[in-house]
Amino acid sequence: MSTLLQINASLAGANGQSSRLAQRFVADWQAKHPEGRVVTRDLASDPVPHLTADRFQAFLSQPDARTDEQRAHAEYSDALIEEIKNADTIVFAVPMYNFSVPSTLRAYFDHIARAGVTFRYTANGPEGLLKGKKAYVFITRGGFYADATDTQTPYLKQFLGFIGITDVNFVFAEGLGMGEESREKSLAQAHNAIGELLPRAA
Ligand SMILES: Cc1cc2nc3c(=O)[nH]c(=O)nc-3n(C[C@H](O)[C@H](O)[C@H](O)COP(=O)(O)O)c2cc1C
């Protein structure tokens, strides 16, 4: 059975522009995968905590040497990793906040990047261990950055590639804060782009 994991990072939750674009894709995916399972993680209503030294130490410690608190920290991260491991399609709804991805998404990434679990170092360099997945990233922005000032997209590609997710499609809706005409044009273009993705999502 196909499983799609949708991760919303907008502080507006499901009402965010990015979440709504992602939702359009997910609805179409569901139409193509009536037996498919959709799991939704909303980082605004259910935020992943910042990575602290205690939490990171818990990840590094041997399972049988963990304190109760370390075990709880490790199990929390394990559950997030299990969730993404079990998905073959992953959808990220990502607004631009202060020229970057939302800090909630960074905190989530900090909890799923685990040496020996989602990546490992080999003689040939790092190897991502979450292989064979497709990712779709729906990015919304108030302004325009589709040039060298876009640091968000290379970062997301690099991070996802590092954990083994190399088949990544991006859909952008830019200029959403530049007046109604700009917003409507951009959202219409994004919807068209989503329509292009669907045959490949089947
Ligand atoms: C806290 C905050 C920071 C933002 N920073 C930027 C920014 O750096 N660049 C930009 O183009 N838009 C910025 N915006 C505008 C959002 O990217 C834009 O409104 C986007 O549509 C939000 O997507 P969402 O509705 O999914 O949250 C910011 C919005 C918020 C709330």
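Both counts, for ligands and for their atoms, begin at 1 and track the order of listing.
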Novice: With a 3.5 Å distance limit and no angle check, can you tell me whether T118 reaches the backbone of I112 through a side-chain donor-acceptor pair?
Specialist: yes
Novice: Sequence neighbours excluded, which residues qualify as salt bridge (charged side-chain N to carboxylate O under 4.0 Å, His left out) partners of R20?
Specialist: none
Novice: Show your reasoning for whether side chain to side chain donor-acceptor pair (under 3.5 Å) applies to S77 and R114.
Specialist: CA-CA 9 Å; S77 161; R114 293 256 310 271; 2.5 Å; yes
Novice: Counting only pairs under 3.5 Å, give me each side-chain donor-acceptor contact of residues 79-87, with atom names and distances, residues two or more places apart or in other chains.
Specialist:
residue	atom	partner	partner atom	Å
E83	OE1	R41	NE	2.7
E83	OE2	R41	NH2	3.3
N86	ND2	E82	O	3.2

Novice: Who are the side-chain hydrogen bond (donor to acceptor under 3.5 Å, both in side chains) partners of E174, not counting sequence neighbours?
Specialist: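 In terms of side-chain hydrogen bond (donor to acceptor under 3.5 Å, both in side chains), with neighbours along the sequence ignored, E174 is linked to R141.
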Novice: Can you list every pair where an N/O of ligand 1 is under 3.5 Å from an N/O on the protein?
Specialist:
residue	atom	partner	partner atom	Å
ligand 1	5 (N)	N98	N	2.8
ligand 1	8 (O)	N98	N	3.2
ligand 1	8 (O)	F99	N	2.8
ligand 1	9 (N)	Y145	OH	2.9
ligand 1	11 (O)	G142	N	3.1
ligand 1	11 (O)	G143	N	2.8
ligand 1	11 (O)	Y145	OH	3.0
ligand 1	12 (N)	G142	N	3.1
ligand 1	14 (N)	M96	O	3.4
ligand 1	17 (O)	M96	O	2.7
ligand 1	17 (O)	G142	N	3.4
ligand 1	23 (O)	T140	OG1	2.9
ligand 1	25 (O)	Q17	N	2.8
ligand 1	26 (O)	S10	OG	3.4
ligand 1	26 (O)	Q17	N	3.1
ligand 1	26 (O)	S18	N	2.9
ligand 1	26 (O)	S18	OG	2.5
ligand 1	27 (O)	S10	OG	2.7
ligand 1	27 (O)	Y97	OH	2.8

Novice: Any salt bridge linking K32 with D28? Criterion: basic side-chain nitrogen under 4.0 Å from a carboxylate oxygen.
Specialist: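 Looking at D28 together with K32, the answer is no, because their closest N to O distance does not fall below 4.0 Å.
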